[in-house]
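Structure first, commentary second.
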Amino acid sequence: MADSTKHAAANSDSGSGEAGKASDGSTKKEGASVIFKLYCLAVLTVMAASYTVLMRYTRTVEGVRYYSTTTVFVTECAKMFFTLCILLKEHKGSIRKVSQELKGNIIGKPTEMLKMSVPSIVYAIQNNMTFIGLSNLDAATYQVTYQMKIPCTALLSVMMLGRSLGGMQWIAVFVLTGGVILVQGIGGEAVSHTSGTDGNYVVGLTALTIAVFCSGFAGVYFEKLLKGSDTSLWVRNVQMYSWGMLSAFMGVVMHDWQNVRENGFLYGYTPLVWLVVLLGSGGGIYTSIVVKYTDNIMKGFAAAAAIVLSTIASIMFMGLVVGWMFVLGASLVIAAIFMYGLPKTNTERLPTKKGGTTQNV
Ligand code: C5P
């Protein structure tokens, strides 16, 4: 994470929203380099793929079952910890400067702080819903349903950010969704509807549908707040994770309080569960970097690539056998990436309205 956060910190330093402005005040075409964007997308891709596999494994394996609400809370705390470390590094180890900056942005800007509660609480709901989804559905049904967040996010980006997608890009969005669904249909896994004897298909599907909307809405709302102001990414993240910790804690109290009191907060935490926490928090931080330097739609493309890559890895290292559906699906995903025009599109800033038409700058 070190290199990318250094780069991201440097960019937020130089700009906190100004990254991308030339000395003459005109807006530069490129803020972060394409290589850097690709690097962030790749890391997020790998993290997201391993997170999903591991999270599901720890929820469905026989033995003691940890309380997922506590994991969401611990992950929020870990994200806060990493973000504060990055801020400290950005301020060359000066705790005084970090506290000053945070005081100015948290106590000094209550309205901004309040605005951040929206994506944060919605994300907390989403994070809890994905755990419920994964605990009740098989991996394939989970992945297929969750892919609906790609068109959902694209639609919300157009509605909430005024972003405009060309005809080809809309087609790419749907080709991508179809491609990922085909890729996920491999191995006939989608036929079995539940993950185990205690899986409830309806509960899992409902939870995941809620998670899809939460993912789209929270992601786009976060992007709007991040790119619509001069506040740096890391300060925005501190604001976000403060609310995140609070709402995740409420989740523990409302859902698992009795269990936690009886068995302890970290009941059932094996090293693998800690790895889920690490991947979840790293993935969250990389998500924020990716949203800053690209956008939520491109994040969806990265996630799709993640699914294809993780399947290819399973073919190579675990002897997974795939059929024509995977080959077709993977080809569609690759085609969609090119059709959309990645990574040429620069969406580091929100679109501006010029002469009645919306333009991505
Ligand atoms: O599934 P999706 O890509 O919408 O998940 C995004 C994840 O990134 C959520 O778990 C959310 O908590 C996390 N995130 C974060 N920090 C941000 C934005 C998102 O940790 N600034």
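Atoms within each ligand, like the ligands themselves, are counted from 1 in listed order. Reckoned from all heavy atoms, side chains included, excluding hydrogens, waters and symmetry mates.
In this structure, atom 4 (O) of ligand 1 lies nearest to the protein heavy atom S215 OG, 2.6 Å. In this structure, atom 3 (O) of ligand 1 lies nearest to the protein heavy atom K299 NZ, 2.6 Å. Shortest contact from atom 13 (C) of ligand 1 to any protein heavy atom: G284 CA, 3.7 Å. For atom 21 (N) of ligand 1, the closest heavy atom belonging to the protein is N237 OD1, 2.9 Å.
The aromatic ring centres of Y267 and Y66 sit 6.0 Å or more apart.
Close approach to Y146 involves these atoms of ligand 1, each under 4.0 Å from a residue heavy atom: 1 (O). Proximity to K79 (heavy-atom distance under 4.0 Å) selects the following atoms of ligand 1: 12 (O), 13 (C), 15 (C), 20 (O). Atoms of ligand 1 found under 4.0 Å from any heavy atom of T287, numbered from 1 in the order shown, are 8 (O), 19 (C).
Between E223, Q126, E76, it is Q126 that holds the heavy atom closest to atom 2 (P) of ligand 1. Considering only non-hydrogen atoms, atom 17 (C) of ligand 1 lies nearest to M240 out of M240, M116, K149, K292. When the heavy atoms of Y51, Y123, Y241, F82 are ranked by distance to atom 18 (C) of ligand 1, first place goes to Y123.
Using a non-hydrogen distance threshold of 4.0 Å, R236 does not register as a contact of ligand 1.
Note: no N/O pair closer than 3.5 Å links S288 and ligand 1 by distance alone. For the pair N127 and ligand 1, the shortest N or O to N or O distance falls below 3.5 Å.
Separation of atoms CZ (F222) and NZ (K115) is listed at 14.0 Å; rounding is to 0.5 Å.
With hydrogens and angles left out, the side-chain atoms of N263 and Y67 include a donor and acceptor closer than 3.5 Å. Side-chain N/O atoms of S157 and R163 include no donor and acceptor closer than 3.5 Å. In this model, no donor atom of one side chain and acceptor atom of the other lie less than 3.5 Å apart for N237 and T83.
Aromatic ring orientation, F73 versus F265: perpendicular (interplanar angle above 60°, classes split at 30° and 60°).
One finds no salt bridge joining K97 and E90 here, because no Lys/Arg side-chain nitrogen approaches an Asp/Glu carboxylate oxygen to under 4.0 Å. Salt-bridge check for R236 with E223: failed, with every basic side-chain N at 4.0 Å or more from each acidic carboxylate O.
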